[in-house]
Amino acid sequence: MKADPIALLTSLGHAVTSRLDRLGLATRFAIAVFSVLGVVFVRFGLIIRELYFSGVRSLSIVIVSGLFVGMVLAVQGYEVLQRYGSTEALGVIVALSLVRELGPVVTALLFAGRASSAVTAEIGLMRATDQLAAMDMMAVDPLARVIAPRFLAAIFSLPLLAALFSAAGIVGAWIIGVKLIGIDDGAFWSQMQASVDVRIDIVNGVLKSVVFGVAVGLISVFEGYFAVPTAEGVSTATTRTVVTSSLAVLLLDLVLTVMMFRGLN
Amino acid sequence: MNRSKFDLAVGAFVALGILALLFLAMKVGNLAGFDTGTAYVIEARFDNIGGLKVRAPVKSAGVVVGRVESINLDGETYEAVARLRISSAFRFSKDTIATILTSGLLGEQYIGLESGGVPEYLTQGDRVMKTQSAMVLEKLISQFLFNKAAETPGQTK
Amino acid sequence: MSERQDIIRIENVRFAYGERPILDELSLTIRRGEIIAIMGASGGGKTTLLGLIGGRLIPSAGKVFVEEQNVPSLSKSALYALRRRIGMLFQFGALFTDLSVFENVAFPYREQTDLSEDMIRTLVLMKLEAVGLRGAAQLMPSELSGGMARRVALARAITLDPSIMLYDEPFTGLDPISVGIIGRLIKRLNAALGMTSVIVTHDLNETLRLADRVVVLSAGKVYCDLSPDEIRASTDPFIRQFADGLPDGPVPFHYPANDYVGDLLAS
């Protein structure tokens, strides 16, 4: 069958406009969510439950992953550093990789898979079973009562989880490097301390995870809130949350890294 | 699960997260150092700073006493002006010598301070009068070759 | 009588989902204290009508007055103030699945009032007693049968003693006993709390036992507005098709299609 150029152009146009429509919807939704955030701060108790489900429940996966990633970094880093006879720099390499990049990024990816997908499914199901509509009819704004606390919980959880990931990773690297390989303990820590800057490296890393928290949190509540109210719609929305969040995190990481670390030195 | 159990778990989570942040700041980073304490800023001028960078350490007898806060070029004298942030815990005499040194053969560059014998001390805004510029490898080599040439004029002919 | 007789007044309302018109110049008046049943074919705009009354949907033309306020033009805060006086029972109850029965019924009190915990406990147990489920207070919604869930949702809908109750298909998916229980509850609550009830339903038998007035929608308009007795006696083919559950009649069995034989031979 010959391709019809008019039909091709039409489908391309449709693809573009439908995506722009969704982006516009997401923007309006984001503005609406931000406008009710104040209400949530007044009733902080609402966030506690969400912090439990998003944060506490993600603890084990984040700490275990961090430990393993740190150990792998130590093994790989040692191999390379050995060639240049500077194995004491292992602590520096591991700490900088974790604090600047891997901590915020991998934690955000894990969080998208572990917590955000659950948030999307929960909100999608609440929508499919009219729970959000019922709340609205009881004169309780679902945006303030359901959406905003889950969004804020992501923003609060991610920096803490990322810090735990990095800390666990550094401990993992210490176990491999110092305890098993036998790098000097003092050199491991002192070189690290001399090269890791609190403002440039640690604060920027935390800032990154806050931005990731905003992105991942917003995507998860958006996909849930606008999920097609069927079993298939909710599962599609959940998948989309994970895919979109992951892409958003990696793209934002590139932008933030260029903004934060370019031109340093 | 009731309310107070949520509170307990979330409280533990937040405490753990803050502990991790503190661990990163104190044990991994250098916040535990003097950055938090009071400090004074002195100025040192060099003909050439080589590869010295902002935030490079300032050491005296090998001990870190401060950091390079900023590096600028004086538009009139064409000297490099480095501002050094020194912890208030350390005092240096007015005739201190500031030298740009390199840790190891190819390591990072830092400023070494050698205190003199004058009983007056440098304070906020003072300038270090005696400085010694960075060793630039190319200059060093050409100087070496030049000296060699001057020592043994007969052999080069 | 100081209060107006008409509690809900719908004037020349139009509504469409995209290109598909649902309501077309529909007008309807509902009087204070009555139980009115809205019937009609599926997709005929019955649930849409409830959405318009509750302000969840905005008509493309026309006015919806509830207690003399034009709902589509209300601000969010005014709309929420009005909704505190409207209770709604959703099709499958729409209970909050993460809260217990007790907490579901307590939800409006916790959100809308500053009552003490003791006071809330007393009120919640009273509401649950009214629907006969005080003993199920500590169960989770997943542990309830369909009929029980509907009754809990009813208790939740009446927590703030609304003046208007909206019921969206309250009998769907229930066994005959539960249908009878819900029907009696609707009637009893309407009388006891002095409410006005709007019921969207397919269940003609229960409706005729319950309602003061039956409104049948067709083609986006009010087809007829009769008392239960008039419905029983009616000879109108459309109403008879509804009342007797005939598969074919003025509401066709077949979705509009090409000629059957022609379609089969086409390929």
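Here is how names work: the chains are called A, B, and so on, in the same order as the sequence lines, proteins then strands, and each is numbered from 1. If you're wondering where the values come from, they're calculated on a predicted model, not measured in any experiment.
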Participant: Does CG belonging to A:D21 count more than 12 external heavy atoms closer than 6.0 Å?
Facilitator: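 Atom CG in A:D21 is packed in, count exceeds 12.
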
Participant: Take C:L95 and A:Q131 through the test side chain to side chain contact (heavy atoms under 4.5 Å, CB included) and record every step on the way to the result.
Facilitator: CA-CA 6 Å; C:L95 292 177; A:Q131 292 181 46; over 6 Å; no

Participant: Do other residues, nucleotides or ligands put more than 12 heavy atoms under 6.0 Å from A:L20 CG?
Facilitator: yes

Participant: Is a donor on one side and an acceptor on the other found under 3.5 Å between the side chain of C:Q112 and the backbone of A:M138?
Facilitator: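 It does hold such a pair.
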
Participant: Quick one: closest heavy-atom pair of A:A134 and C:R156, and the distance?
Facilitator: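 The answer is CB-NH2, 3.6 Å.
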
Participant: Chain A heavy atoms under 4.5 Å from C:T97: which part of the residue, side chain, backbone, both or neither?
Facilitator: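 C:T97 touches chain A through backbone and side-chain heavy atoms alike.
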
Participant: Just how far is it from atom CD of C:E111 to atom CG of A:D141, taken to the nearest 0.5 Å?
Facilitator: 10.5 Å

Participant: For C:F96, which atoms come within 4.5 Å of any heavy atom of chain A: side chain, backbone, both, or neither?
Facilitator: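 For C:F96, the contact with chain A is made by backbone and side chain together.
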
Participant: For A:A139 and C:Y80, work out which heavy atoms get closest and say how close.
Facilitator: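 The answer is CB-O, 3.3 Å.
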
Participant: Report the distance from atom CZ of C:R56 to atom CG of A:D136, rounding to the nearest 0.5 Å.
Facilitator: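 Interatomic distance, C:R56 CZ to A:D136 CG, rounded to 0.5 Å: 5.0 Å.
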
Participant: For the CZ atom on C:R121, are there more than 12 heavy atoms of other groups (residues, nucleotides or ligands in this structure) within a distance under 6.0 Å?
Facilitator: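 Counting neighbours around CZ of C:R121, 12 or fewer heavy atoms of other residues, nucleotides or ligands fall under 6.0 Å, so no.
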
Participant: Please check if atom NZ in C:K63 has more than 12 non-hydrogen atoms from other residues, nucleotides or ligands closer than 6.0 Å.
Facilitator: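 Open: at most 12 neighbouring heavy atoms sit under 6.0 Å from NZ of C:K63.
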
Participant: At a heavy-atom distance under 4.5 Å, which candidate from C:L160, C:L79, C:D98 has the highest pair count against chain A?
Facilitator: C:D98

Participant: Is the count of non-hydrogen atoms from other residues, nucleotides or ligands lying under 6.0 Å from C:R188 atom CZ greater than 12?
Facilitator: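 12 or below, so no.
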
Participant: Of all of A:M126, A:M135, A:R49, A:E122, which one pairs up most often with chain C through heavy atoms under 4.5 Å apart?
Facilitator: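 Option with the greatest count: A:M135.
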
